[in-house]
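Below is one structure, written out as structure tokens; comments come after it.
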Amino acid sequence: MRQFKLTRDERSLADEEAAQEILDGLNPQQREAVKTTDGPVMIIAGPGSGKTRTLTHRIAYLIATGTAQPHEIIALTFTNKAAREMKERVQALVGEETRGMWMGTFHSSFARLLRREGDKIGYSKDFSIYDTDDSKRIVRAQLNRRNIDTQRFKPRTIHRMISSAKNQMIGPAEYEDMARGDTQEKAAEVYPGYEKALEQANAMDFDDLLLKPIELFENHPDVLEKYQQRWRYLHIDEYQDTNRAQYVLSRKLAGGHRNICVVGDDAQSIYAFRGADIGNILSFQSDYDDATVIRLERNYRSTERILQLADSIIEQNEEQLEKSLWTENEEGDYVALMEALSEKDEAQKIERTIRDLHLREGYSYNDFAVLYRTNAQSRSLEDALRRENVPYRVIGGMSFYERKEIKDVLAYLRLLVNPNDAASIRRVINYPTRGIGDKTQERLIRFAQEEGLSLWQAIERVEDIDTLSTRAQNAVGKFRFLIAKHASKLGEMSPDDLAQELIQEAGLLDELRKEHTQENLRRWENVQELISAIAEYVGENEDASISTFLQDVALLTDQDNEFDDGERVTLMTLHAAKGLEFPVVFIAGLEEGLFPLSHATEEQSELEEERRLFYVGATRAEERLYLTHARSRYRYGERQSCTRSRFLEEIDSSVVRTEVGDELRQKKDRFKADSGSTQSYDDMDPHYYRENLSEKKKTVRQKKSSSSGRRVVYDEGQGEIAPGVRVEHSKFGEGKVLSMEGEGDKATAVVFFGNEIGQKKLKLKYAQLRRVG
DNA sequence: GTTGGCGTATTTTTT
DNA sequence: ATACGCCAAC
């Protein structure tokens with residue numbers, strides 16, 4: 001900004017001081033990475049080595065030394081949260097002059113670019129962004145049109161295949177040639193129609209947000225050149241997780257100036273399932289033969305033992321860049337291994353350990369993270385934490401913007417700015433019900449198809465559709481009026497007021513008030529919260545509109561909304577934990593078939609990815625790391641007995657202690673490829689655990705809560721429910737148990753919820769009754 | 001033709 | 001618990 005109007009001498013003096021300040025507090029390697037501002041740079045950085053910090057300081061350094069102006073810098077990150085934090089830190093380092101600097105995820109950055117330039121390839125700036133759910137709807141419509149059995153060929157699966165093709169930049173024609181097997185052939189069959197439907201809806205799916213810019217750059221070299229000149233400095237974080245399209249984009253953007261700086265760790269590549277290509281980072285040096293490569297190998301995060309454990313995990317993998325991690329941190333505690341009887345028992349052991357460390361060692365609840373492989377595992381952990389009133393937050397799973405009631409409102413709003421959005425029309429055209437059933441919708445679609453119109457255009461001409469009864473035409477006409485009326489008010493009313501009026505007149509609010517259940521009340525509150533969110537968004541952003549709100553919101557994940565409110569234990573998948581760190585980390589569910597997931601054990605490359613995931617999880621821990629597994633677990637509706645994970649047989653046992661302080665005893669050969677052993681854990685080593693448990697406690701470093709005299713909670717929650725007790729139900733609210741019948745899975749309670757709702761018979765297995773009072 | 005109730009299958013990770 | 005398909009009643 002103005003500051004750069006100083007004379008050359010004045011500037012260099014001020015710059016020098018600022019630059020020196022930015023370099024202070026970095027180690028020699030980091031400093032070198034920051035100072036290498038000319039030409040391609042790759043920073044290969046282990047976990048906890050301060051790679052994001054290095055990137056941040058490099059950007060600040062560029063600005064402080066006047067090498068680049070903020071608007072000449074773009075940084076692409078993996079999450080919105082990472083971008084936000086990086087931006088804040090750069091601002092703190094250089095003062096306020098960062099306006100015009102682009103920082104965000106690939107997706108959000110290129111969505112923004114498409115908003116400006118998309119008209120050149122036929123997209124209006126109000127394009128809708130389709131999430132997986134919307135895309136699935138489009139696929140389903142395509143399958144139905146072709147009379148393909150959606151039971152056998154699930155829209156989800158088909159979409160995943162199309163998405164993975166798009167990820168690798170394989171177009172419909174090419175895909176048709178390479179499709180193998182029934183499912184792929186069906187995917188190839190609907191792929192062109194899927195693309196056409198999206199185009200007609202003026203919509204982009206997640207993959208398009210990367211592919212369309214490529215198309216734009218290829219068809220309009222002048223546009224590419226404009227951005228190449230604008231962004232003289234390109235930074236990419238988490239480069240190991242870029243896919244083909246992201247790779248192509250980065251090469252194109254870096255094509256002119258070649259000032260590309262990438263940061264990554266091949267050992268932390270965990271998104272291959274999403275098309276991430278580890279080859280991108282492995283081949284950086286051959287892509288840019290004048291690249292400077294800097295290794296950051298010193299770990300500042302974890303204790304020596306944790307690092308040693310992590311090292312022993314990753315060393316099992318064959319393909320990786322040479323790197324040797326080291327730390328000067330203290331040795332720290334042993335990594336603790338805890339075995340549990342069931343997932344409930346596991347959750348309880350974790351919960352007790354957390355409370356114990358909280359009370360005795362003074363850890364804040366913020367210091368804890370419990371990591372697991374699948375979202376479904378959060379349930380039992382939540383139950384245990386809730387029971388003991390330990391505050392927690394769950395990241396992932398169902399986020400605010402994924403709730404049905406929210407998606408309904410968003411669909412209405414999307415229709416206002418982009419009436420061609422067919423997925424949104426289908427979502428809300430008959431919700432709340434207004435007499436436009438399947439048959440009418442089918443006829444609308446057929447008409448659109450025959451006339452080559454979008455769905456909305458067909459609706460506009462509904463009077464011309466003679467297959468429809470007058471009644472149906474009227475119903476559609478009323479819907480059309482509802483949307484058109486509010487679309488015409490886009491310019492005049494404030495976005496939040498308009499949204500409020502629309503959902504009122506659409507009958508959404510009445511629908512939610514129709515039945516007075518707690519569930520509906522919660523939904524109604526959520527909708528109101530969404531309206532407030534719109535108001536807030538408009539207040540915070542300069543050129544905000546419903547259109548920009550919708551596009552921004554489509555790319556939010558709930559990690560991005562999650563503001564750190566209060567002290568809570570964090571529960572999340574291992575994937576979601578990437579880039580984070582916590583003093584105390586639990587990795588739960590270390591069992592064969594779960595972690596590693598069963599399907600991943602076939603393929604060497606997939607097994608290696610699971611192992612990297614374990615590595616990522618372990619290296620999140622700063623001071624204490626707990627590994628847990630259960631001997632049995634409810635999965636797919638039944639209790640299954642579990643063998644502990646092969647990963648536990650591979651790790652360096654010298655840094656691990658069991659709960660009673662023993663060394664970890666391993667069966668190193670158990671999963672060797674040629675052993676062919678299918679022995680169950682029990683057959684193999686029947687007395688292993690009993691021996692351990694019967695042994696007297698030796699010097700135990702981790703103090704266990706069983707010795708603290710606290711109440712023991714037995715491994716059954718449902719026993720608490722008996723005739724006479726008061727319980728709470730998620731839908732019906734509070735009630736009183738009148739009687740009980742049946743046992744085990746069939747156990748049923750008759751509960752009286754007051755005069756309005758009356759008596760309900762509830763299966764304990766499904767209804768989550770919570771005892772109150 | 002539309003709506004709502006019932007039975008059945010469902011869980012990998014995500015921008 | 002939830003989503004979806006199928007079937008019977010309005």
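What's counted below: heavy atoms across the whole structure, side chains too, no hydrogens, waters or symmetry copies. Order of the sequence lines fixes the chain letters, A, B, ..., with proteins taken first and strands second; residue numbering starts at 1 for each chain.
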Out of B:dT15, B:dT12, B:dT10, which has the shortest distance to the side chain of A:Arg156?
->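 When the side chain of A:Arg156 is considered, B:dT12 is the closest of B:dT15, B:dT12, B:dT10.
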Within the structure, does a side-chain N or O atom of [X] lie under 4.0 Å from either OP1 or OP2 of [N]?
| X | N | value |
| --- | --- | --- |
| A:Asn375 | B:dT13 | yes |
| A:Asn167 | B:dT15 | no |
| A:Thr132 | B:dT14 | no |

Most 5' of A:Arg373 and A:Thr105 on DNA chain B, judged by nearest nucleotide =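 Here A:Arg373 is the residue nearer the 5' end.
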Starting at the 5' end of DNA chain B, which residue's closest nucleotide do you reach first, A:Thr467 or A:Leu613?
-> A:Thr467
Holding to salt bridge (charged side-chain N to carboxylate O under 4.0 Å, His left out), I want the full list of residues that pass it with [X], two or more places apart in sequence or in another chain.
| X | answer |
| --- | --- |
| A:Arg633 | A:Glu346, A:Glu591 |
| A:Asp207 | none |
| A:Asp134 | A:Arg414 |
| A:Lys154 | none |

Polar side-chain atom of A:Ser250 near backbone of A:Tyr247 as donor-acceptor pair, under 3.5 Å =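 Side chain of A:Ser250 to backbone of A:Tyr247, a donor-acceptor pair under 3.5 Å: yes, one is there.
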Not counting sequence neighbours, which residues clear side-chain hydrogen bond (donor to acceptor under 3.5 Å, both in side chains) with [X]? List them please.
| X | result |
| --- | --- |
| A:Lys186 | none |
| A:Ser469 | none |
| A:Asp408 | A:Lys404, A:Arg427 |

What is the distance from [atom1] of [X] to [atom2] of [N], rounded to the nearest Å?
| X | N | atom1 | atom2 | answer |
| --- | --- | --- | --- | --- |
| A:Leu556 | B:dT14 | CG | P | 16 Å |
| A:Lys154 | B:dA9 | NZ | P | 10 Å |
| A:Arg152 | B:dA9 | CZ | C1' | 17 Å |
| A:Leu210 | B:dT14 | CG | P | 18 Å |
| A:Leu143 | C:dC4 | CG | P | 14 Å |
| A:Tyr372 | B:dT13 | OH | P | 10 Å |
| A:Leu76 | B:dT15 | CG | P | 16 Å |
| A:Glu238 | B:dT14 | CD | P | 15 Å |

Restricting both atoms to N or O, compile the protein contacts to nucleotides 5-7 of chain C shorter than 3.5 Å, with distance only.
residue	atom	partner	partner atom	Å
C:dG5	OP1	A:Arg140	NH1	2.4

All ring pair (Phe, Tyr, Trp, His ring centres under 6.0 Å) counterparts of A:Phe110, not counting sequence neighbours = none
Can you list the residues that meet the ring pair (Phe, Tyr, Trp, His ring centres under 6.0 Å) rule with A:Phe78, with sequence neighbours excluded?
->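 Expected list: A:Tyr271.
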Close residues, residues 268-277 of chain A, relative to DNA chain B [heavy-atom separation under 4.0 Å] |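 Under 4.0 Å from DNA chain B: A:Tyr271, A:Phe273, A:Arg274.
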Which atoms form the tightest heavy-atom contact between A:Arg644 and A:Leu648, and what is the distance?
-> CD-CD1, 3.9 Å
When the ring centroid of A:Phe273 is compared with that of A:His575, is the distance short of 6.0 Å?
-> yes
Between the protein and nucleotides 2-8 of chain B, list the N/O to N/O atom pairs that are separated by less than 3.5 angstrom.
residue	atom	partner	partner atom	Å
B:dT2	OP1	A:Gly437	N	3.2
B:dT2	OP1	A:Thr440	OG1	2.3
B:dT2	OP2	A:Lys439	N	3.2
B:dT3	OP1	A:Gly435	N	3.1
B:dT3	OP2	A:Asn430	ND2	2.9

